[in-house]
Chemist: 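Structure incoming, see below.
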Amino acid sequence: MHTNISMIGDDVLPFYSDFVASDYLVMREGVANDFTLKDMRKSKQVDKTIYELTGIYQKNGIEIEKIVNIMAPDSFPGMLLFTIKYVNKGEKEPVVTAWVNHDLYMDREEDSEPVWSLQCSSTSSRGDWVLPVTPGFYKKNYMGMNNSDYGGGIPVCDLWRKDGGFAIGVTDDVLRLVSFPVSRQKYENKANTKVLYEYSSPIDFKRNDTISTYNTFVSVHTGDFYNPLRQFSKYMQSKGMEFAAPEEDAFDAVWCAWGYERNFTMDEIKATLPKVKELGFKWVDVDDGFQVAIGDWDMNKRFPGGDKDMKALVDLIHRHGLKAKLWWAPLAADPNSQLLKESSKMKLLTKERLPCMITWWNCFYLSPVNPYTEKYTNDLVEKFIGDWGFDGLKLDGQHLNCCPPDYNPRSGLDYPEQAIEQLPAFYKGIFETARKINPNAVVQNCPCGTAMNFFNMPYMNQAVSSDPLSSWQIRLKGKVYRAIFDKIAYYADHVELSDNGNDFPTQIGVGAVVGSKFTYPRDNPEVKISYLLTPEKEAWFKKWVGIYNDKMLSKGEYLNLYDLGYDKPETHVIEKEGKMYYAFYADNWDGEIVLKGLENKKYTVCEYTDDSLKKYQVDGSDPVINISFKGSYLIEVY
């Protein structure tokens, strides 16, 4: 029962030459990976073909039956869906420590370019989600907690070459604690990935017992990760997952008060509002620093009027014709907070019944599935949206993405890991409560630099690049979110977090919502870095925010025409109202570029971000342009 994976047609070379043991059990007594095929059955149903394969492993008195069901759905070509189970048919009872599905390889020629990969796990490194698999590479990609505050992700891994690739993933309805290790031996020319589940406590595999793996898939494709990731999302939606409808207000440009940092004052925000409006921003985000403590979400001493001061600030924002969003770090509470002094019932507890730390905030985790946490959280949403009058919420913190297992008996769980599986319901409660109070409320989930938990995504209507470390991360995250959602307002975060702190071309070219945290007319005296709006910056902001508001490419359709790993220069394309918007990125470029996706017609090319608005013609039958640029080159083609 060894396997080989290949793609028929499209001039895709075999991914690897040999048959491999791709699905197996790891035991203390050895690896059960060589199963002799005993039976195969095929059945055709209305919308799918189903195969059932049965085989036997026999070695040293251990006898295990393997049953593999493979479904080939007609509506998802190139995708196979697997359920695999093992039955102990022998007298011996081996100790099982792990199981593996789809241990697959991708060969490369010695002198060829590296395999590229999509790896969406979350760690404190906040690394890139798209990576070349170079010699000596290894990344475990565990979907559970990898660091004190970091865990979760998208349960898909993709490897691709220039001619094609394959993806693997888990299709259960909840996040499973599996890993997707990606590796390449230092002196070999093949990349490897797999679905790996490791038991926290090894299990005795008793006679007639059954071990069932999670539901998984394998798919093949050409191009980069976009198509298989989109197919995975569509399949999960076909099973019942529903994403929130796009919210019109979520596409408006954002100014955030975080430039004044945690010790901001109301007067600083008030003084900035006229400039915010003048520059074309339409959202004002009130950020971290208004609260008494994390967990105690009342106004601190800088707001002597308490709730009245916050209501007055929101009213003033509204009088400027702007919308107001409030920063908030749910699921966290300061150990010395009044909340935990009055009630410790909602803490997430370890196996030793100790609180779990969120080290970034120096806070304790609150259990997301605890009924006390649910009521406390929904009451806060009613205060923020209903009483204070905010139009949206910015949920912030890398700890939002996942959580440790919860051993608090007050949470009423069947098993501790259920907290992880039911975490999305916590965000569903926030989203539905906010939208019930304000039907147009914008809810942004910002898991600070992490690869967002796929199962949290349905309960937001604004995604965010979430503290990007580079312009490259802004662009690649944008492509990931565009693959998963049919339509999503993707906020690029503060432009000050992009390369050189001013890369509006990245924000606009990839179809993201623009944003900034500039300060004006002066900084808060306690900030460490100045984001003061100088006259030079102001001219730059007026230009680019004006372009954004004019074109609104964030509402356009992302076209997957270029391979993010192999096509040079890096290219993204947005189609909107019959026009094509190409965005090219490179440190330096001088040469030819093919404009993919055009028909056999004459086109006008407009350099719409250049002050000269230079125009020239291109023939769709031979759509080659010859240009030179540094950093970026954005054009409108019609």
Side-chain angles (χ1 to χ4, degrees), residues 121-127 142-153 175 177 258 261-262 287-298 300 326-370 372-374 376-377 380-381 384 393-408 410-411 413 416-427 429-430 444-453 455-456 459-460 464 466-467:
S121 62
S122 300
T123 71
S124 58
S125 70
R126 302 190 178 191
Y142 178 51
M143 291 289 108
M145 297 301 293
N146 291 298
N147 307 102
S148 64
D149 307 0
Y150 293 83
L175 184 69
L177 299 182
W258 184 239
E261 297 185 0
R262 193 167 281 115
D287 215 282
D288 183 9
F290 67 88
Q291 69 279 4
V292 172
I294 291 184
D296 294 340
W297 300 101
D298 296 312
N300 59 36
L326 182 67
W327 174 93
W328 175 34
L331 286 182
D334 189 296
N336 298 313
S337 63
Q338 193 65 30
L339 173 72
L340 294 185
K341 288 178 182 178
E342 294 175 356
S343 174
S344 61
K345 300 174 183 178
M346 57 186 76
K347 289 180 186 175
L348 187 151
L349 300 179
T350 67
K351 194 173 185 179
E352 296 75 27
R353 299 299 193 271
L354 297 174
C356 277
M357 284 297 297
I358 302 171
T359 55
W360 183 269
W361 304 115
N362 193 27
C363 287
F364 289 153
Y365 263 103
L366 302 182
S367 171
V369 293
N370 188 303
Y372 302 98
T373 307
E374 180 182 10
Y376 156 77
T377 300
L380 285 174
V381 175
F384 299 155
L393 297 171
K394 173 186 175 180
L395 314 184
D396 193 52
Q398 61 272 10
H399 69 286
L400 300 177
N401 216 39
C402 194
C403 67
D406 182 17
Y407 291 83
N408 186 343
R410 293 180 182 273
S411 298
L413 300 178
E417 292 77 14
Q418 203 169 28
I420 302 164
E421 298 171 1
Q422 294 183 4
L423 174 64
F426 174 79
Y427 299 108
I430 292 174
Q444 175 195 119
N445 193 317
C446 180
C448 296
T450 65
M452 189 175 183
N453 186 336
F455 296 94
N456 296 344
Y459 309 115
M460 65 179 186
V464 58
S466 186
D467 297 295

Chemist: Working to the nearest 0.5 angstrom, can you tell me the gap between Cys403 SG and Asp149 CG?
Modeler: 12.5 Å

Chemist: Does the side chain of Arg410 reach to within under 4.5 Å of the side chain of Leu349, using non-hydrogen atoms?
Modeler: no

Chemist: Anything under 30° is parallel, anything over 60° is perpendicular, the rest tilted; go ahead and classify Trp297 against Phe290.
Modeler: tilted

Chemist: Return the NZ to OH distance between Lys345 and Tyr376, rounded to the nearest 0.5 Å.
Modeler: 15.0 Å

Chemist: Distance only, no hydrogens: is a donor on one side chain within 3.5 Å (strictly under) of an acceptor on the other, for Asp406 and Ser367?
Modeler: yes

Chemist: At what distance, to the nearest 0.5 angstrom, does CH2 of Trp327 lie from CG of Leu395?
Modeler: 10.5 Å

Chemist: So, Asn147 and Thr123: side-chain donor and acceptor under 3.5 Å apart, yes or no?
Modeler: no

Chemist: Is any side-chain heavy atom of Met357 less than 4.5 Å from a side-chain heavy atom of Ser148?
Modeler: no

Chemist: Please confirm whether the backbone N or O of Arg262 pairs with a side-chain atom of Asp288, one donor and one acceptor, at under 3.5 Å?
Modeler: no

Chemist: Which heavy atom of Met346 sits nearest a heavy atom of Asn370, and at what distance?
Modeler: CA-ND2, 3.5 Å

Chemist: Between Asp467 and Cys446, which heavy-atom pair has the shortest distance, and what is it?
Modeler: OD2-SG, 4.3 Å

Chemist: Is the backbone N or O of Leu400 less than 3.5 Å from a side-chain atom of Tyr427, with the two atoms forming a donor-acceptor pair by type?
Modeler: yes

Chemist: Can you find a pair of side-chain heavy atoms, one from Gln422 and one from Leu413, that are under 4.5 Å apart?
Modeler: yes

Chemist: Measure from the side-chain N and O atoms of Asn456 to the backbone N and O of Met452, and report whether any donor-acceptor pair falls under 3.5 Å.
Modeler: no

Chemist: How about Pro404 and Thr350: do any of their side-chain heavy atoms sit closer than 4.5 Å?
Modeler: no

Chemist: Run the numbers on Leu331 and Thr373 for side-chain contact (heavy atoms from CB on, under 4.5 Å), then give the verdict.
Modeler: CA-CA 8 Å; Leu331 286 182; Thr373 307; 4.3 Å; yes

Chemist: Do any N or O atoms from the side chain of Gln291 and from the backbone of Gly289 form a donor-acceptor pair under 3.5 angstrom?
Modeler: yes

Chemist: Just by distance, do the side chain of His399 and the backbone of Pro330 share a donor-acceptor pair under 3.5 Å?
Modeler: yes

Chemist: Can you name the closest pair of heavy atoms from Cys402 and Tyr365 and give their distance?
Modeler: O-OH, 3.8 Å

Chemist: Backbone N or O of Gly151 within a donor-acceptor pair of the Asn401 side chain at under 3.5 Å?
Modeler: yes

Chemist: Restricting to non-hydrogen atoms, name the atom on Phe364 and the atom on Pro335 that form the minimum distance, rounded to 0.1 Å.
Modeler: CE1-CB, 3.7 Å

Chemist: If you apply the rule side-chain hydrogen bond (donor to acceptor under 3.5 Å, both in side chains), what do you find for Gln338 with Asp296, and how did you get there?
Modeler: CA-CA 7 Å; Gln338 193 65 30; Asp296 294 340; over 6 Å; no

Chemist: Could you tell me the separation between the CG atom of Leu326 and the CZ atom of Phe384, rounded to the nearest 0.5 Å?
Modeler: 5.5 Å

Chemist: Nearest 0.5 Å, what's the SG-CG distance between Cys448 and Asp396?
Modeler: 4.0 Å

Chemist: For Gln418, look at atom CD and say whether over 12 heavy atoms of other residues, nucleotides or ligands are found less than 6.0 Å away.
Modeler: yes

Chemist: Quick check against the 3.5 Å criterion: does Ser122 have a side-chain atom that pairs as donor or acceptor with the backbone of Gly152?
Modeler: yes

Chemist: Would you give the length of the straight line joining atom CH2 of Trp328 to atom CD1 of Ile430, rounded to the nearest 0.5 angstrom?
Modeler: 4.0 Å

Chemist: Between Met143 and Leu175, what is the shortest heavy-atom contact and its length?
Modeler: O-CD2, 3.8 Å

Chemist: Tell me the closest heavy-atom pair linking Leu423 and Pro368, and the distance in Å.
Modeler: CD1-CB, 3.5 Å

Chemist: Is there side-chain contact between Ser124 and Asn146, with at least one heavy-atom pair below 4.5 Å?
Modeler: no

Chemist: Answer yes or no: is there a side-chain heavy-atom contact under 4.5 Å between Asp334 and Leu340?
Modeler: no

